[in-house]
Asker: 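Here it is, the structure in full.
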Amino acid sequence: MYDRIKGFRDFYPEEMQSRRQVMDTVESAARRHGFREIGTPALESAEMYADKSGEEILEELYAFEDKGGRQVALTPELTPTVARMVVARQQELSKPIKWMSTRPFWRYEQVQQGRFREFYQTNIDIFGSSEPTADAEILAVAATALTDLGLTGEDFDFRVSHRDILGGLLASFEGDIDTEAAIRAVDKRAKIDADEYADLLTDAGLTTAQIDDFDALLETGEDGLDELIEFAGTDRVESAVENLQAVLDATVDLGVREYCTLSLTTARGLDYYTGVVFECFDSTGEISRSVFGGGRYDDLIEGFGGQPTPAVGFAPGYATLSLLCQRAGVWPEESLSTDYYVLQVGDTRDVAARIAGQLRDRGHVVESDVSGRSFGAQLDYADSINAETVVIVGEQDLADGNVTLKDMESGDQIAVPVDSFPGGDDRPTYDDFA
RNA sequence: UCCGGGCUGGGGUAAUGGUAUCCUUUGGGCUUGUGGUGCCCAAGACGCGGGUUCGAUUCCCGCGCCCGGACCCA
């Protein structure tokens, strides 16, 4: 026996069926908003990630030298790849570019709840629009996907923030302040105690008085945004606040405003984000980490050598999303379903094959014996795959010109003329003949 | 990279310094004509390596994998 590689998972049919259903639901929400599917390589130049995030990042990648001497890495995220694709055809692609993709990614990091070394994400992005409606559309796709899964506003919450509000407020303080360090402290605010939090901000260069001011500002509610502008007194904060307000306003028309909450303490790994950012949280707080997140990253394409191109997107991961669905009780049932089992008794393969073929042509899931099993064993198997209807094609029935339809739920069965089955009904069952 | 808890047939378990219990499962049969009831037969386990020992599934060490957490989260 071989061990599985740490952090990699197998999905057996029952679970895979549920995963497929969830992924299809998310993708469908994106498709219906006009996002087009793209396909991307599993391997990219390691340099692309090192340039974007620093050499240290290679430690957290599956990176190696290929047989041609190239330094390559299994893709840890999609954004650099998509940026590369956009830059490569920047002139010919009509804007806005709306793309989506579901696939695995790999990171060499510690396994924890909702975090694996191989994980699946659906990336959904818009390139080429800086309008607040683009940000709002991203929020709308996210909310639609979740509600289509059966989740409600009771289950999840989008905590919406704006990178420039935090950065702008910090910049408005007197003194030499390490903005990045301060934002990291804010990100941890909920996880650590007040003293630790204050220490981190002190280390970032804030005075005790500034910490108090800053903390009070972070608590600002949706009707107090003007106070932020007033406090900072800078164009940067003013335009950031106006932009955030415009995005929230736009979500009203799209019917998803109710899922969004202003939360300035939502900092996220703000590294390449430039505007609105949001994170989806479990409303009950049972899942401690964020389910997924997204936001605006207007500088990235230019950083990849393209013309300045605004961008906004998000990427739900299925590890945490399934935790949320399970907690909320909407994870699809993990059991197989089969429409028909065509049971053969004696040498009836020709007729059984004809019936099975016709049912399959109508799109049904149909199984028939491929193991030379006895009657009882075939029924047993039909039961194990949750067959709804068993079509018994036996020599005795055929001698009378019939097949027998058996409803597996009730056990009821009835003889049906073989010549009129499957007949005109798209999906004939016992009830149609009883 | 660090901390804590685990690891016995496919799944769930029992006992044990002398090769392992029970349930379930899987395959076949009773039954070329009736599953979700029964009976019979069969298959299937001590995560891997090393050490101590006459003998290790059991005790010790290392590693692997699983669960949870720290760090990190692009």
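Letters A, B, ... mirror the listed sequences (proteins, then strands); counts begin at 1.
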Asker: Can a side-chain donor-acceptor contact be found between A:D412 and A:S410 if the only test is distance below 3.5 angstrom?
Answerer: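 Per modelled atom types, A:S410 and A:D412 side chains form a pair under 3.5 Å.
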
Asker: Give every pair of a protein N or O atom and an N or O atom of nucleotides 26-31 of chain B that lie under 3.5 Å apart, one pair per line with the distance.
Answerer:
| from | atom 1 | to | atom 2 | distance (Å) |
| --- | --- | --- | --- | --- |
| B:rG27 | OP1 | A:R373 | NH2 | 3.1 |
| B:rG28 | OP1 | A:R373 | NE | 3.3 |

Asker: Using the six-membered ring of A:F11, assess whether NZ or CZ of A:R19 lies under 6.0 Å from its centre and within 45 degrees of the ring axis.
Answerer: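 Here A:R19 passes the 6.0 Å and 45° test against A:F11.
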
Asker: Using the P atom in both, what is the distance from B:rG69 to B:rG10, to the nearest Å?
Answerer: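 B:rG69 and B:rG10 have their P atoms separated by 29 Å.
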
Asker: Charged N to carboxylate O below 4.0 Å: is that the case for A:R115 and A:E109?
Answerer: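 Salt bridge flag = yes for A:E109 with A:R115.
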
Asker: Could you check B:rU19 for me: syn (within 90° of 0) or anti?
Answerer: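 Chi for B:rU19 falls in the syn range.
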
Asker: Sequence neighbours left out, what passes salt bridge (charged side-chain N to carboxylate O under 4.0 Å, His left out) with A:D383? Give chain and number order.
Answerer: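 Partners of A:D383 by the salt bridge (charged side-chain N to carboxylate O under 4.0 Å, His left out) criterion come out as none, since no residue qualifies.
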
Asker: Taking any heavy-atom pair under 4.0 Å as a contact, classify A:E395: base, sugar-phosphate, or nothing.
Answerer: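 It contacts base atoms.
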
Asker: Pick the closest RNA chain B nucleotide for A:K6 and for A:D383 by heavy atoms, then say which residue is nearer the 5' end.
Answerer: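 Result: A:D383.
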
Asker: A:D397 CG to B:rU34 P: how many Å, rounded?
Answerer: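 Those two atoms, CG and P, are 12 Å apart.
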
Asker: Under 4.0 Å between a side-chain N or O of A:Q378 and OP1 or OP2 of B:rU34?
Answerer: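 No.
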
Asker: How about A:I392 and A:V403: do any of their side-chain heavy atoms sit closer than 4.5 Å?
Answerer: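 No, too far: nothing below the 4.5 Å cut-off.
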
Asker: Say you pick atom C1' in B:rG28 and the same atom in B:rG12; how far apart are they, in whole Å?
Answerer: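 B:rG28 and B:rG12 have their C1' atoms separated by 24 Å.
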
Asker: Can you tell me which nucleotide in B:rC72, B:rG33, B:rC66 comes closest to the side chain of A:I392?
Answerer: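 The answer is B:rG33, which lies nearest to the side chain.
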
Asker: Would A:R103 pass as a cation-pi partner of A:Y120, given that its NZ or CZ must be under 6.0 Å from the six-membered ring centre and within 45 degrees of the axis?
Answerer: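 Output no; distance or angle outside limits.
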
Asker: Which listed nucleotide (B:rA74, B:rG35, B:rG33) is nearest to the side chain of A:R107?
Answerer: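 Looking only at heavy atoms from C-beta outward on A:R107, the closest nucleotide is B:rA74.
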
Asker: Check every atom of B:rU32, B:rG35, B:rG69 against the side chain of A:Q113 and return the nucleotide holding the closest atom.
Answerer: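 Selected nucleotide (nearest to the side chain): B:rG69.
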
Asker: For the side chain of A:Q90 and the backbone of A:Q307, is there at least one donor-acceptor N/O pair under 3.5 Å apart?
Answerer: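 Looks like yes, one N/O pair under 3.5 Å.
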
Asker: Let's see if you can work this out: which of B:rG33, B:rC72, B:rC66 has an atom nearest to the side-chain heavy atoms of A:E109?
Answerer: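 Among the listed nucleotides, the one closest to the side chain of A:E109 is B:rC72.
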
Asker: May I ask you to evaluate whether A:Q112 reaches the phosphate of B:rA70, defined as a side-chain N or O under 4.0 Å from OP1 or OP2?
Answerer: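 Indeed, a polar side-chain atom of A:Q112 lies that close.
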
Asker: Has A:R159 got its NZ or CZ under 6.0 Å from the middle of the six-membered ring of A:F281, at an angle within 45 degrees of the ring axis?
Answerer: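 The answer is yes, since A:R159 meets both limits relative to A:F281.
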
Asker: Of all the choices, B:rC66, B:rC72, B:rG35, which nucleotide is nearest to the side chain of A:E60 once you look at every atom?
Answerer: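 Nearest listed nucleotide: B:rC72.
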
Asker: Quick one: stems for RNA chain B, with Watson-Crick or G-U pairs under 3.5 Å, at least three in a row?
Answerer: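 B:1-7 with B:64-70, B:10-12 with B:22-24, B:25-30 with B:38-43, B:47-51 with B:59-63 - these are the stems of 3 or more pairs that involve RNA chain B.
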
Asker: With nearest nucleotide decided by heavy atoms, which residue, A:G7 or A:V393, maps closer to the 5′ end of RNA chain B?
Answerer: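 Comparing both residues, the 5'-ward one is A:V393.
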
Asker: Grab the CG-C1' distance between A:L61 and B:rC72 for me, whole Å please.
Answerer: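 Nearest whole value for this atom pair: 13 Å.
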
